[in-house]
Every structure is written in C-alpha cells, then in structure tokens.
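Notes follow the structure.
Whatever order the structure lists them in is the order used to number ligands and atoms, beginning at 1.
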Amino acid sequence: MSDCLFCRIAAHEIPADIVYEDDEVVAFEDVNPQLPVHTLIIPKKHYAHVGDGVPEETLGRVFKTVEKVAALKGLEESGYRIVANTGEDGRQTVHHLHVHVLGGARMPIRMGPAD
Ligand code: 5GP
Ligand code: ZN
C-alpha cells in the first residue's frame, strides 16, 4: 500500500533506524520513544492489525522477532512489555500491524480504562 507509512518504511522509501530485518519482517526504532527502548516490529506485507486475517506463519515471525529485538537491546534479563494497539478503542494510530517492544526502565503504565 503506497499510502501506508509502515509499508513505505518496509520498502525503505522512508528512512527509519532499523534494528533487524529479514525477508518477512522489519524492526525499527519508534520515532517518539516512550521508554529508553521502544522498537516496533512489522511484517513487510500489509495487514491492518492482528485481526486482519494474518497468516499464522507471519504472526509467528513477528513474535519470534520480539525475542531477537530483546536480545539485541539487552532486555532478556530485565524484561519488557509488548503491545499491539488494535483499532479505535486500542488507540491504534498507524494502521499497519505492529508490535511495540518497550523496555529499559520499569513500566510506569497502568492497565485500565482511559481517564
Ligand atoms: P500505534 O499508536 O499505532 O500503536 O503506534 C504507532 C507508533 O508509530 C507510535 O508509537 C509512533 O510514535 C510511531 N510512528 C509514527 N510515525 C512514525 C515514523 O514516521 N517513523 C517511526 N519510526 N515511528 C513512527
Ligand atoms: Zn502498510
């Protein structure tokens, strides 16, 4: 999708600080980090979100990349949080499936309804 920001990052049409890439996924730094480590993982192929008929193989590759990013970022011992904001109530802003990997500090974020 030529008008999708993350498709354009996957195609190297828009620059990003890429942490890891293979034939199916790209991991890159979030432009507006919420914690010392804030990396996004996307499949190269466009899916709007995790509920968009994503093949199991692709979901597997995305989530196996979490492990790779955690190792590259030194988060294996300290832990981290993974987040996939989905749709309107999930406050998804970029409608190309992505998983946030957040770490490097203890999570300040509580779970619960919006204020
Ligand atoms: P969402 O709110 O959809 O779960 O997350 C989208 C994320 O993409 C946000 O954390 C935002 O900071 C990040 N983002 C938005 N535009 C860009 C961009 O052009 N480059 C990068 N690297 N991240 C972006
Ligand atoms: Zn896309």
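Between the SG atom of Cys4 and the ND1 atom of His96, the angle centred on the Zn ion (ligand 2) amounts to 110° when rounded to 10°.
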(request) Determine, step by step, whether Tyr47 and His96 satisfy the ring pair (Phe, Tyr, Trp, His ring centres under 6.0 Å) criterion, reporting the C-alpha distance in whole Å, the side-chain angles of both residues, the deciding distance to 0.1 Å, and the verdict. (result) CA-CA 5 Å; Tyr47 300 95; His96 178 126; 7.9 Å; no
(message) Checking Gln92 against His98 for the side chain to side chain contact (heavy atoms under 4.5 Å, CB included) test, could you report, in this order, the C-alpha distance in whole Å, the side-chain angles of both residues, the deciding distance, and whether it holds?
(response) CA-CA 10 Å; Gln92 184 178 4; His98 54 283; 4.2 Å; yes
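Comparing heavy-atom distances from atom 17 (C) of ligand 1 across Leu97, Ile14, Val31, Asp30 singles out Val31 as nearest. When Ile42, Asp17, Thr93 are checked for heavy-atom proximity to atom 2 (O) of ligand 1, Thr93 turns out nearest.
Ligand 1 has an N or O atom lying under 3.5 Å from an N or O atom of His98, backbone or side chain. For Phe28, no nitrogen or oxygen atom sits less than 3.5 Å from a nitrogen or oxygen atom of ligand 1, counting backbone and side chain alike.
A salt bridge links Glu21 to Lys44: one of the charged nitrogens lies within less than 4.0 Å of a carboxylate oxygen. The pair Asp23-Arg61 meets the salt-bridge criterion, since a charged nitrogen lies less than 4.0 angstrom from a carboxylate oxygen.
Summarising the local packing, CD of Glu67 is surrounded by 12 or fewer heavy atoms from other residues, nucleotides or ligands at distances under 6.0 Å. Heavy-atom neighbours of Glu13 CD from other residues, nucleotides or ligands within 6.0 Å: above the threshold of 12.
Nearest protein heavy-atom neighbour of atom 22 (N) of ligand 1: Glu29 O, 2.9 Å.
The line from OG1 of Thr65 to OH of Tyr20 is 5.5 Å long, rounded to the nearest 0.5 Å.
Neither the backbone nor the side chain of Gln34 comes within 4.0 Å of ligand 1, counting heavy atoms alone.
Interface of Leu5 with ligand 1, defined as ligand atoms under 4.0 Å from a residue heavy atom, comprises 16 (N), 17 (C), 18 (C), 19 (O). The atoms of ligand 1 that sit less than 4.0 Å from any heavy atom of Phe6 are 8 (O). Atom numbering of ligand 1 starts at 1 in the shown order; those under 4.0 Å from a heavy atom of Asn32 are 12 (O). Proximity to Leu40 (heavy-atom distance under 4.0 Å) selects the following atoms of ligand 1: 8 (O). Heavy-atom proximity to Arg91, at under 4.0 Å, picks out these atoms of ligand 1: 2 (O). Atoms of ligand 1 lying under 4.0 Å from any heavy atom of Val94, numbered from 1 in the order shown and given with element: 3 (O), 6 (C). Listed by atom number, the atoms of ligand 1 under 4.0 Å from Gln92 heavy atoms are 3 (O). Near Asn85, meaning under 4.0 Å from one of its heavy atoms, ligand 1 places the atoms 1 (P), 2 (O), 4 (O).
Screening Gln34, Arg81, His38 for a side-chain hydrogen bond (donor to acceptor under 3.5 Å, both in side chains) with His100, the sole residue that qualifies is His38.
Here the side chains of Val99 and Val83 are not in contact, with every heavy-atom distance at 4.5 Å or above.
Nearest to the Zn ion (ligand 2), among the N, O or S atoms that His46 has, is ND1.
In summary, the side chains of Thr39 and Glu29 do present a donor paired with an acceptor at a separation below 3.5 Å, with no hydrogens or angles considered.
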